[in-house]
There are 2 protein chains.
Amino acid sequence: MTKTRSQKAAPLPLDSIIAGDCVEAMNALPENSIDLIFADPPYNLQLRGDLHRPDNSRVDAVDDHWDQFASFQAYDQFTREWLAAARRVLKPDGAIWVIGSYHNIFRVGASLQDMGYWILNDVVWRKSNPMPNFRGKRFTNAHETMIWASKSEGAKYTFNYEALKALNEGVQMRSDWVIPICNGGERLKDANGDKAHPTQKPEALLHRVLVGATNPGDVVLDPFFGTGTTGAVAKMLGRHFIGIEREEAYRKVAAERLRHVRKYDREALQVSTSKRAEPRVPFGQLVERGMLRPGEELFSMNGRHKAKVRADGTLIGEDVKGSIHQVGAHLEGAPSCNGWTYWCFRRDGKTVPIDLLRQQIRSEMI
Amino acid sequence: MTKTRSQKAAPLPLDSIIAGDCVEAMNALPENSIDLIFADPPYNLQLRGDLHRPDNSRVDAVDDHWDQFASFQAYDQFTREWLAAARRVLKPDGAIWVIGSYHNIFRVGASLQDMGYWILNDVVWRKSNPMPNFRGKRFTNAHETMIWASKSEGAKYTFNYEALKALNEGVQMRSDWVIPICNGGERLKDANGDKAHPTQKPEALLHRVLVGATNPGDVVLDPFFGTGTTGAVAKMLGRHFIGIEREEAYRKVAAERLRHVRKYDREALQVSTSKRAEPRVPFGQLVERGMLRPGEELFSMNGRHKAKVRADGTLIGEDVKGSIHQVGAHLEGAPSCNGWTYWCFRRDGKTVPIDLLRQQIRSEMI
DNA sequence: GGTTGCACTGAATCTTTGA
DNA sequence: TTCAAAGATTCAGTGCAAC
């Protein structure tokens, strides 16, 4: 278990991008030297044919060679190799974040546990504007999962509780974060105007990770650097970064990006909390939650009409079925209708507007 | 591959609770007989001595380092055993849902993939009122993860897309669901007024799972039945349930609960259906019935193209002839085209989609 | 200059039927 | 089994061009 002195003496290549395979590159770094690792490894998406939107445009899929693995076994071996190299360079009280989707995250999580990492939380990135499911065959894939783990059980990891609480308007930060996907001006483009990297992560995501899990001056390593979001946010926040990237095209884009990043930049102060309008409450939630029973009757405010609630949150009235709004509009012969203020239900002989139930749900959501 | 007649003949113990170990109980059920499995397995990785193998033997703790490894291994074995038994009883087009937290869900997910299940989505239950993290050392653990998987790749699982969309106010259902934890009147209490089960799931969660992934009359199996939330919601929704539970105390509470549950009436159980479920209508029928005349012109929805109806129900357009779909696709330079929504005809100066005529025929078919 | 409308896009394991 | 054809299917947002 003795380590050679030469390994310890090798200086860290701070604030630079290392070219090459991440396992080899990490093995060339001194052990126990990194405070935080943020890793966005290939997801092993296993996409088959083309996918088109309903308007017949083709989806620009992630079909890059670096995301191709022959089997789960091959992917597991790849995962264990880079996790082992990462573990060696991590300080005993360091921590790791890994992001993934259902294609790979379960394998990553199990490997982390098997190798002695200690999971602290899984954190869900809820995308406010995900790509829809175009064929209507599954749920909209609206989130990705991050695993936050310390090097071992009992390690004294960094967690800036108060800073995160402040970021979250004074209440404890939860394990689900609502953040938009990376597009608009933040999305890096190549010379042709195409996206420079297929899976660029939003800076807001890294901002929260680094504020919460590092201190100024800490060293943050990203073994799958891509276009360098981790480095950019680290630099803004006064942390050191080390990026490792195999593809020259990505390294070039990242280097150029980092040249323009300034510490304590205005952007770094951007608070990622989305402006909070009154949250939308689907009528179906009243049914799911048992506030209204399927089969129960609703009555129009004017007393002229009634309709029955169905299990999927639609109504069935005289001759018509559909949403609370559609049925209301049809019964009144009106072009539109606000079902929330139109319909009432009966409790203990009293007639109560359903909007009261919506208000109740909203008050729970704050 | 021949199956014994006795297995096929064994009747399903519908709408009942089976006492005993779930692996043994599932092995006693006929194979390929279950439409949906909902499983809420024990998470108790941290509570070391409390882990049982399927044969009821206890997993012994060894020394600290080995113990951790042994626990994960034992948990994996437990997981693979019940997942194998579940797989046997599941119909080829059946599906499974498993719920868990970061303590166990990564191991469950990896096992599912290794055993040939095909993950369709991971779904995040985002708790609107989670327990705070009292010590301020981690993020508020505000979610749990469910994995939805079919028995194998390419299987024709049930997904009631339109009903879920209706439940969600007309936009497609996402992979993150905001639902409160189970408390208040729904939370079952024992004779002492303590909660009857430590992890009772909310009925709203099961409502959404069962509306989305089963049809009325389907058989839903819950191998870790607990206090029977799955059975209660299945009964309300007109699905059959089979529960398996080892602890007598939970079985008693569940049985009492189920006695009081009433099925919703038939009308309330009807949900919005997809067009896919409706009968096919050949375009030629519109011509045969005289709804469209041979020689009549159709116009594309966007007004850019037109084509003539021929007596055999094909179209002839600029340069191209074929089905309504083929001609539409060709004129738009698109890989495919739904001719029903693409083409319109003229009546009394108004432009009307031909899909209206199809709906008319369908309504006469009922 | 402000508004409206159209085109485009994002880590995607994305169909079903019948010959 | 494979293949071809029918036909079902999208949300939030950006950016640019046309009014």
Side-chain angles (χ1 to χ4, degrees), chain A residues 40-64 66-69 72 99-105 125 127-145 180-187 189 193-195 197-202 224 226 274 280, chain B residues 113 117-122 148-150 152-157 159 161-162 165 168-175 274-284 302 313-314 322-326 328-329 334-343 355 358:
Chain A
D40 182 10
Y43 288 8
N44 187 21
L45 286 187
Q46 310 169 73
L47 303 179
R48 307 284 195 248
D50 277 359
L51 178 66
H52 291 88
R53 298 186 180 79
D55 66 3
N56 272 318
S57 63
R58 189 175 157 278
V59 174
D60 183 13
V62 179
D63 52 5
D64 305 74
W66 47 254
D67 198 43
Q68 315 292 328
F69 294 85
F72 283 132
I99 185 167
S101 67
Y102 66 85
H103 309 85
N104 71 323
I105 199 66
W125 168 26
K127 303 178 186 184
S128 55
N129 49 352
M131 182 156 62
N133 184 288
F134 296 118
R135 311 311 289 259
K137 297 302 294 180
R138 302 183 178 191
F139 299 99
T140 308
N141 210 332
H143 74 276
E144 292 185 26
T145 301
I181 61 175
C182 180
N183 58 12
E186 190 187 321
R187 188 82 194 218
K189 303 284 162 60
D194 298 325
K195 53 191 176 190
H197 191 283
T199 70
Q200 187 183 337
K201 296 292 176 286
F224 306 97
S274 49
R280 190 176 54 88
Chain B
Q113 291 178 314
Y117 288 97
W118 191 248
I119 298 183
L120 299 166
N121 276 113
D122 58 337
W148 174 38
S150 61
S152 58
E153 184 181 0
K156 290 187 175 55
Y157 54 90
F159 184 59
Y161 176 75
E162 291 293 342
K165 192 171 169 179
N168 198 33
E169 195 98 316
V171 295
Q172 64 178 212
M173 188 71 79
R174 298 167 41 115
S175 58
S274 146
K275 277 191 195 162
R276 268 187 267 260
E278 295 186 63
R280 289 197 170 200
V281 176
F283 175 72
N302 57 26
T314 58
S323 71
I324 51 171
H325 316 291
Q326 289 167 332
S336 72
C337 170
N338 183 346
W340 289 109
T341 53
Y342 181 74
W343 294 107
D355 203 33
R358 180 170 65 162

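Just so we're clear, the structure is a prediction, and the values are computed from it rather than from any experiment. In what follows, chains carry the letters A, B, and so on, assigned in the order in which the sequence lines appear, proteins first and then strands, with residues in each chain numbered from 1.
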Worked verdict on A:L51 versus A:M131 for side chain to side chain contact (heavy atoms under 4.5 Å, CB included): CA-CA 12 Å; A:L51 178 66; A:M131 182 156 62; 5.8 Å; no

Pair of N/O donor and acceptor under 3.5 Å linking C:dA12 base with A:S101 side chain: no

Given D:dA12, C:dT15, C:dA12, the nucleotide with the shortest approach to the side chain of A:K137: C:dT15

Spacing of the C1' atoms in C:dT13 and D:dA5 (rounded, Å): 25 Å

Pair B:Y157 + B:W118: ring centers closer than 6.0 Å: no

Assigned partner base of D:dA6, Watson-Crick or wobble definition, under 3.5 Å: C:dT15

Pairwise 5' ranking along DNA chain C for B:R280 and A:P198, keeping only the more 5' one: A:P198

Charged N-O contact under 4.0 Å between B:E162 and B:K275: no

Chi-based syn or anti call at D:dT9, which uses purine or pyrimidine torsion atoms and a 90° bound: anti

Sugar-phosphate only, base, or nothing, as touched by B:S323 at under 4.0 Å among non-hydrogen atoms: sugar-phosphate

Nearest-nucleotide 5' precedence on DNA chain C, A:R53 against A:R135: A:R53

B:E278/B:R358 salt bridge by N-O under 4.0 Å criterion: no

Nearest listed nucleotide, side chain of A:L45, among C:dT9, D:dA6, C:dA11: C:dA11

Test of ring centre spacing under 6.0 Å for B:F283 and B:W343: no

Span that lies between the P atom of C:dA11 and that of D:dG15, in whole angstrom: 15 Å

Paired nucleotide for C:dT3 [Watson-Crick or G-U wobble; both distances under 3.5 Å]: D:dA18

Toward the 5' end of DNA chain D, by each residue's nearest nucleotide, A:P132 or B:W340: B:W340

Distance below 4.0 Å between B:S274 side-chain N/O and D:dT9 OP1 or OP2: yes

base_contact_polar (D:dA12 base, A:K127 side chain, donor-acceptor, <3.5 Å): no

